[in-house]
Amino acid sequence: MISLASMCGRYAITTPIEAMREIFDAVGGPEFQPRYNHAPTLMAPVVKTVPIFDKGERTGHRRVIDLARWGLVPSWAKSVDIGNHTINARSDTVREKPSYRGAFRHHRCLVPADGFYEWTTATAEKGGGRKQPVWIAPDQLAGFAEPLFAFAGLFDIWHSLDGTELHSYTIVTTDASPSLANYHHRMPVILDRAGWETWMTGTPAEAAALMRPHDGPFRVHPVSTAVNNVRNDGPRLIEKVDNPDAPPPKPKPVQGSLF
DNA sequence: CCAGACGTTGTT
DNA sequence: GTCTGG
DNA sequence: CCAGACGTTGTT
DNA sequence: GTCTGG
């Protein structure tokens with residue numbers, strides 16, 4: 001039996017930017033290298049809406065892809081340090097927390113991802129508490145509508161003392177859906193295409209109604225612990241491994257030990 | 001009034 | 001920025 | 001999320 | 001144990 005795992009603290013975003021523009025009906029966004037091991041504090045694409053003005057009149061809005069840093073830094077922060085603790089925002093308190101409430105009212109965005117990782121902890125009798133990473137992705141063969149996820153995100157803009165602008169984001173979390181509860185009790189909020197526009201441009205109440213567990217269907221399989229180290233990257237990280245319970249490599253014997 | 005926090009995960 | 005604690 | 005650091009003196 | 005960096 002598997003218990004507890006982590007949260008959405010690592011994911012993959014490898015879909016080419018042109019494909020993302022098409023899927024999200026968005027403009028902009030720089031080229032970027034595919035990332036199979038996207039981690040907090042790194043930059044990744046987010047989708048936001050910006051108003052369109054014509055002769056001073058607001059005539060509508062359009063979707064734009066931007067890069068932002070994972071770990072939300074509120075506009076009032078004195079430093080980026082807070083971003084180490086704001087990679088996720090709990091959906092049940094996001095409207096009250098000082099770090100998130102402003103962004104929830106005015107800066108909701110989509111966070112594209114091909115899938116995400118969780119680290120499950122095997123029970124003592126099975127794995128002695130080792131953490132096993134698993135890969136979770138949309139199962140299109142089983143009916144998931146999109147080739148990638150759109151996480152519900154919030155962004156903000158922070159100005160450093162020298163005036164540099166930092167765009168940053170966080171991923172909203174909720175309780176795990178039934179199909180993922182075996183791996184962990186929390187999960188990121190995933191939005192279907194039908195919810196994208198409302199999440200970004202609806203009222204706060206309308207957006208809040210979208211913050212609920214998505215029940216897939218998902219593909220889930222164990223992957224190598226190579227993903228643990230953020231310096232590792234590449235498609236092999238999401239490949240299924242067959243011996244997830246194999247013990248970790250033995251530490252090298254130390255010369256001069258008592259044994 | 002000023003000073004200080006402002007966050008998430010998972011923990012026996 | 002805005003709220004809480006002292 | 002995990003990995004890795006976590007300290008001081010003085011020093012060409 | 002706890003914080004920083006990626």
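Note that this is a predicted model, so its numbers are computed, not measured. Quick note on labels: first sequence line is chain A, next is B, and so on, each numbered from 1.
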Distance check, [atom1] atoms only: [N] and [M], in whole angstrom units.
| N | M | atom1 | value |
| --- | --- | --- | --- |
| D/dT9 | E/dG1 | P | 29 Å |
| E/dC3 | B/dC6 | P | 12 Å |
| D/dG10 | B/dC2 | C1' | 42 Å |
| B/dT8 | E/dT2 | C1' | 15 Å |

How close or far is atom [atom2] of [N] from atom [atom1] of [X], stated in whole angstroms?
| X | N | atom1 | atom2 | answer |
| --- | --- | --- | --- | --- |
| A/Glu118 | D/dC2 | CD | P | 11 Å |
| A/Tyr100 | B/dC6 | OH | C1' | 10 Å |
| A/Trp135 | D/dC1 | CH2 | P | 18 Å |
| A/Ile82 | B/dC6 | CD1 | P | 8 Å |
| A/Asp81 | B/dA5 | CG | C1' | 14 Å |
| A/Arg186 | D/dC1 | CZ | P | 12 Å |
| A/Lys78 | B/dG4 | NZ | C1' | 8 Å |
| A/Asn88 | D/dC2 | CG | P | 12 Å |

Can you confirm whether [X] sits close enough to [Y] that some side-chain heavy atom of one is under 4.5 Å from a side-chain heavy atom of the other?
| X | Y | answer |
| --- | --- | --- |
| A/Ser75 | A/His159 | no |
| A/Gln140 | A/Pro147 | yes |
| A/Thr93 | A/Tyr100 | no |
| A/Asp66 | A/Val64 | yes |
| A/Phe104 | A/Lys97 | no |
| A/Asn84 | A/Pro40 | no |
| A/Val227 | A/Tyr36 | no |

Nearest-neighbour nucleotide for the [X] side chain, [options] considered:
| X | options | result |
| --- | --- | --- |
| A/Thr93 | D/dC1, B/dT8, D/dG4 | B/dT8 |
| A/Arg10 | B/dT8, D/dA3, D/dC1 | D/dC1 |
| A/Lys131 | D/dA3, D/dC1, D/dC2 | D/dC2 |

Exercise. Step by step, would you call A/Met43 with A/Arg69 a side chain to side chain contact (heavy atoms under 4.5 Å, CB included)?
Worked result: CA-CA 4 Å; A/Met43 307 292 285; A/Arg69 183 190 203 257; 3.6 Å; yes

Exercise. Is A/Ile87 touching bases, backbone alone, or none of the nucleic acid, heavy atoms closer than 4.0 Å?
Worked result: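 Contact class for A/Ile87: base.
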
For this session: Determine the contact category for A/Thr41: base if any of its heavy atoms lies under 4.0 Å from a base atom, sugar-phosphate if only primed atoms, P, OP1 or OP2 are that close, otherwise nothing.
Result: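 Base, at least one base atom sits under 4.0 Å.
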
Exercise. Do A/His61 and A/Lys48 meet the criterion of a side-chain donor-acceptor pair at a distance under 3.5 Å?
Worked result: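 There is no such pair between these side chains.
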
Exercise. Would A/Glu197 and A/Arg63 pass as an ion pair if we require N to O under 4.0 Å?
Worked result: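 Between A/Arg63 and A/Glu197 there is a salt bridge, with a charged N closer than 4.0 Å to a carboxylate O.
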
Exercise. If you measure from CZ on A/Arg193 to CG on A/Leu191, what distance do you get to the nearest 0.5 Å?
Worked result: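 The distance works out to 12.5 Å.
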
For this session: Determine, answering yes or no, if A/Trp76 is stacked on B/dC6 under the 5.5 Å centre rule and the 30° plane rule.
Result: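 Check passed, A/Trp76 stacks on base of B/dC6.
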
Problem set entry | DNA chain D contacts made by residues 102-115 of chain A, counting heavy atoms under 4.0 Å |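 The answer is none.
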
Short N/O separations, protein against nucleotides 3-6 of chain C, under 3.5 angstrom:
none

Problem set entry | Side-chain N,O (A/Thr173) to OP1/OP2 (B/dT9) below 4.0 Å |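 It does, given that an N or O in the side chain of A/Thr173 lies less than 4.0 Å from OP1 or OP2 of B/dT9.
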
Problem set entry | Phosphate OP1/OP2 of D/dA3: any A/Asn228 side-chain N/O under 4.0 Å |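 Yes, within the criterion.
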
Problem set entry | Base-pairing assignment for C/dC3 (Watson-Crick or G-U wobble, both under 3.5 Å) |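 Partner of C/dC3: B/dG4.
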
